[in-house]
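Below is one structure; the comments refer to it alone.
Proteins get letters first, then strands, A, B, ... in listed order; numbering begins at 1 in each. Just so it is clear, the values below take in all heavy atoms, side chains as well, and ignore hydrogens, waters and symmetry mates.
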Amino acid sequence: MAEFKLKDKKWNKEWEIEIAEEWKSKKMYKFNKNTKKKVYSIDTPPPYVNAPVHAGHATVYTLMDMFARFRRLVGYEVLFPLGLDRNGLPIEIAAERRFNISPERYSREEFIKACEKLLEEYSMKSAETFFKLGISFNSWDVGTDIGEVYLTDMPEYRALTQATFIELWKKGLVYEEEYISNYCVELKTTVADSEIEHKEVEGYLNYIKFKVRESGEEIVIATTRPELLGACQMIIFNPNDDRYKHLEGKHAILPIYNREVPIKSHPYAKPEFGSGLVMMCSFGDYTDIRFFREQNLHPIILIDENGRMNEKSGPLQGLKVEEAREKIVEILDEKGLVVKREKVKHKIPICERTKTPIEFIPLKEFYLKQVEFKEEIRKISRNMKFFSEESRQILENWIDTISFDWPISRRRYYATEIPLWYCKNCNEVIVPEPGRYYVPWKEKPPVSKCPNCGSKEFKGEERVFDTWFDSSITPLFIGGYGRYNDFFKKKLDEKITLRPQGKEIIRTWLYYTLLRVYFITGKEAFDHVWIHYHVLDEKGNKMSKSLGNVIDPREIIEKYGAEPFRLWCAFEGNMHKGDFRLSFERVESAGKFLTKLWNVSRFVSAFDYVDKVDFLTETDKSVLVKHNNIIEEVYESYMKYEVHDAAVLLRDYLWDVFASHYIEMVKSRAYNNDGIYTKEEQKSALFTLHRILKDVLVMLHPIIPFITYKIMKDVYGENIIEMEFPQPIDVTSEIDFEDIMEINSKIWKYKKDRNISLRDELNKIKINKKFMPLGRDLKVMHKIKNIEYRDGKEVEIE
RNA sequence: GGGCUGGUAGUCUAGUCUGGCUAUGACGCCGCCCUUACAAGGCGGAGGGCGCCGGUUCAAAUCCGGCCCGGCCCACCA
């Protein structure tokens, strides 16, 4: 017996950073695009740069890292790039605050410079946490080669956004049209349906008196949006509402505005709500928009692009919408026209980002066709495998509800520009060739004179793209579409293997990506979609700053290291099936496994390494059969992204089978100090000890890469990153290792019950005769004087 | 209002599709033990009858019907 090859008594979390540095400096995970291996690729979600990585990110990236590391072990070349999202509103808002500037008061150029300055400051800060967690990204350097860190605002990325836009434009999939848009007053821009949330708010249902022109009678109308009174174009009641049938075809006079509008019956009016009479205005909500279209009514727009009432609103002009709502009630009340006000709760659409109520105003925007492709998207999405299958429903539900094309233009600044110019003379649209990054608002067009009229005066497009228009091409960018077309086509088959993402962005990131990529490649963007749930605090509440229950992953790494956190990620559950609850306590207890693994390895490391044997004892055969089963089950679990199942299997196997039973059973044989075993028998034990440890280390490596790397290196001098996932060993046994464990447990319990030390001798036990080949191991292990072998199943102890 | 989910000890969880041993495991709790890798360990114990009601069955967390509660998504109650 030699010395422990693991000198230290326990695992030290300080080693993690050294190891991470080593991996980084040796470029251990660099992607080789000329590889002969099959490629496994992951479309990692680019986190936004301006916030530190939160617990959710840390967890999700750690799980993705486990997927990546597993695939490397089973022979894939793994494409696992880090991307950073830097486009869009968050950076604009941060810049406005930091430098106290606004795009209205400063030039566009200066405003963008301010954004860039701030971005420089943020740089790669968020990557620091990923690095410490041991995430095996292909590269830590920003670049455009396959696998390098990409930024969504780098010229090459923006050029690809524009190039794909130009392709869509040429295919006739983009058009510009003035429609009623969802409009966020605060952002002063259109937002897509997918960016809208609904919020329940308290408001008033105002009952207002109108006069009927023909009869002079008073009618009462209930509304939550009285400020839109001036935009009313019709009053409706339910066809079955006997109270109002006599009004059909008559006209009502709008108070204040003194305009006549028709009264008609329409099934949309619910007799039981309010007074049963509804005023239809342009536009209080989606229903109104549909109704106006259906009835072919002419809309009157009262709200301007700043969210204020315009000149058509008469006495309300200049007021904000909410102010106008109060004001008009005051005016009506003075005239004695307000019957009553009821408090009501109702849901209103709000902007996902700013939480301000959405207004509906007509704007000219670019649209990408999607309504007519719903069925195709549904069809190709069925070629993808979802983990778990239940999340597919969220996508299908969303596709069901799409009723309008996607508005892709925005009136913002730090984003990808729409690459178009217009002839000032004849309005001809100038479309550049794809490939370069174009900035039309400050660059000259690619032509010197208009191909239509010959004019030399042009105007560059000032609008930019919706951020999702950028984000929805990540698989094309990381796959090298446009830059390495051969690789993208031949090696990737135009598809990325895995899209991992949160379920809350299924209707945006996933859906838009499928749509965009379908228009380019004609097929599904991914083979697998892994939809994850969320990380909550230990009581199951969402982490939020206001609740003060946010756990910063950096704190956890600082306190426990990356490995306990990674173990927690795996042990906590399968994230595609439910939420995770995070607490320091949970991480700490998950981390205990490291100590166990370290000690087991330390023990085994003391024995001479035997990597081949001609003879195996029955005990060893039995445990190796069990071992083969574990290899198979762990492999299957990893293949299904069920890292949790793999982790639990391995933990229980190492701890409760290998350490508690097998090691205890062969200790004496491995030492063989008294020479009661033959050399062959001893070698059989040494082989089995090393073989199981080595295989378990490899199987655990995706979950806990640092400690397994260190142990493999120190004990066996091998680089675990380059090893292969274990193969089953050619062995059979008549004895189920579970039965052996049962005998051991019975004997331990027997001694415990009688308060006998484990070292004390037992006179006699009776066991089934099939266990005869284990006799000596059992005798030595439990200090049994006599074993009687017989037919019965039970274990008897005397 | 619709859809999808889930409801098992103090907490989390397996089992439910394919009914059947005394309902799995973990954390925590309690008690005992330093057994030559490991007290960041080992051994043992207490604690639930599976959201509620009814049905099918020799037998139900498991199948059927209804209801209640939570989460997520969707939806035109002004």
[N] and [M]: how far apart are their [atom1] atoms, nearest whole angstrom?
| N | M | atom1 | answer |
| --- | --- | --- | --- |
| B/G66 | B/G1 | P | 16 Å |
| B/A46 | B/A23 | P | 13 Å |
| B/G41 | B/C34 | C1' | 9 Å |
| B/G20 | B/U56 | C1' | 16 Å |
| B/G48 | B/U11 | C1' | 13 Å |
| B/G47 | B/U24 | P | 14 Å |
| B/G3 | B/G45 | P | 48 Å |
| B/G51 | B/U36 | P | 46 Å |

With sugar-phosphate meaning primed atoms plus P, OP1 and OP2, does [X] contact a base, only sugar-phosphate, or nothing at under 4.0 Å between heavy atoms?
| X | value |
| --- | --- |
| A/I663 | base |
| A/K667 | base |
| A/K592 | sugar-phosphate |
| A/W11 | nothing |
| A/E664 | base |

Strictly by Watson-Crick or wobble contacts shorter than 3.5 Å, is anything paired with [N], and which nucleotide is it?
| N | result |
| --- | --- |
| B/C72 | B/G3 |
| B/C38 | none |
| B/C77 | none |
| B/C43 | B/G31 |
| B/G49 | none |

Provide, to the nearest angstrom, the distance between the [atom1] atom belonging to [X] and the [atom2] atom belonging to [N].
| X | N | atom1 | atom2 | result |
| --- | --- | --- | --- | --- |
| A/F571 | B/G28 | CZ | P | 14 Å |
| A/I402 | B/A75 | CD1 | P | 11 Å |
| A/W509 | B/C73 | CH2 | C1' | 20 Å |
| A/D645 | B/A26 | CG | P | 16 Å |
| A/L689 | B/A37 | CG | C1' | 11 Å |
| A/E504 | B/C4 | CD | P | 22 Å |
| A/D656 | B/C43 | CG | P | 8 Å |
| A/R651 | B/A26 | CZ | C1' | 6 Å |

Which of these nucleotides, [options], is closest to any side-chain atom of [X]?
| X | options | result |
| --- | --- | --- |
| A/T401 | B/C76, B/A75, B/A37 | B/A75 |
| A/R290 | B/C27, B/A78, B/C76 | B/C76 |
| A/A269 | B/C72, B/A78, B/C38 | B/A78 |
| A/S589 | B/C76, B/U36, B/C27 | B/C27 |
| A/T595 | B/C38, B/C77, B/G3 | B/C38 |
| A/N599 | B/C76, B/C72, B/A37 | B/A37 |
| A/D285 | B/A40, B/A37, B/A78 | B/A78 |

- Minimum heavy-atom distance between A/T287 and A/D285, given as atom pair plus value: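 Closest approach of A/T287 to A/D285, heavy atoms only: N-OD1, 2.9 Å.
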
- Message: Could you check, using the six-membered ring where one of them is a Trp, whether A/Y716 and A/H690 have ring centers closer than 6.0 angstrom?
- Response: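 Ring-ring flag for A/Y716/A/H690: true, centres closer than 6.0 Å.
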
- Pick one for B/G49: is it syn, with its angle within 90° of 0, or anti?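 For B/G49, whose glycosidic angle is within 90° of 0, the conformation is syn.
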
- Message: Syn or anti for B/A61, given that syn means the glycosidic angle lies within 90° of 0?
- Response: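 That one's syn.
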
- Between the main-chain N or O of A/F237 and the side-chain N or O of A/R243, is there a donor-acceptor pair closer than 3.5 Å?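 Not at all, since once roles are kept as given, no pair shorter than 3.5 Å links the two residues.
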
Parallel, tilted or perpendicular for [X] and [Y], by the 30°/60° rule?
| X | Y | value |
| --- | --- | --- |
| A/Y653 | A/F658 | tilted |
| A/W15 | A/W598 | tilted |
| A/F603 | A/Y671 | perpendicular |

- Query: Between A/I196 and A/K270, who's closer to the 5' end of RNA chain B by nearest nucleotide?
  - Reply: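 Mapping each residue to its closest nucleotide by heavy atoms, the 5'-most match is A/I196.
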
- Task: Assign each of A/K9 and A/T223 to its nearest nucleotide of RNA chain B by heavy atoms, then name whichever residue's nucleotide is nearer the 5' end.
- Result: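 By nearest-heavy-atom nucleotide position, the 5'-most residue is A/K9.
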
- Task: Check if the side chain of A/E572 and the base of B/A26 share a donor-acceptor pair of N or O atoms closer than 3.5 Å.
- Result: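 Donor-acceptor pair under 3.5 Å: no.
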
- Could one point to a donor on the side chain of A/K596 or the base of B/C38 with an acceptor on the other under 3.5 Å away?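 Side chain to base: pair found, below 3.5 Å.
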
- Single hit among A/K626, A/R669, A/R691 for salt bridge (charged side-chain N to carboxylate O under 4.0 Å, His left out) with A/D620: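 So the option named by the test is A/R669.
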
- A/F360 and its ring-ring contact (aromatic ring centres under 6.0 Å, His included) partner, picked from A/Y179, A/F283, A/Y286: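 That would be A/Y286.
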
- Task: Look at A/W655 and B/G42 and indicate whether a side-chain polar atom (N or O) is within less than 4.0 Å of OP1 or OP2.
- Result: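 Affirmative; the distance criterion is met.
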
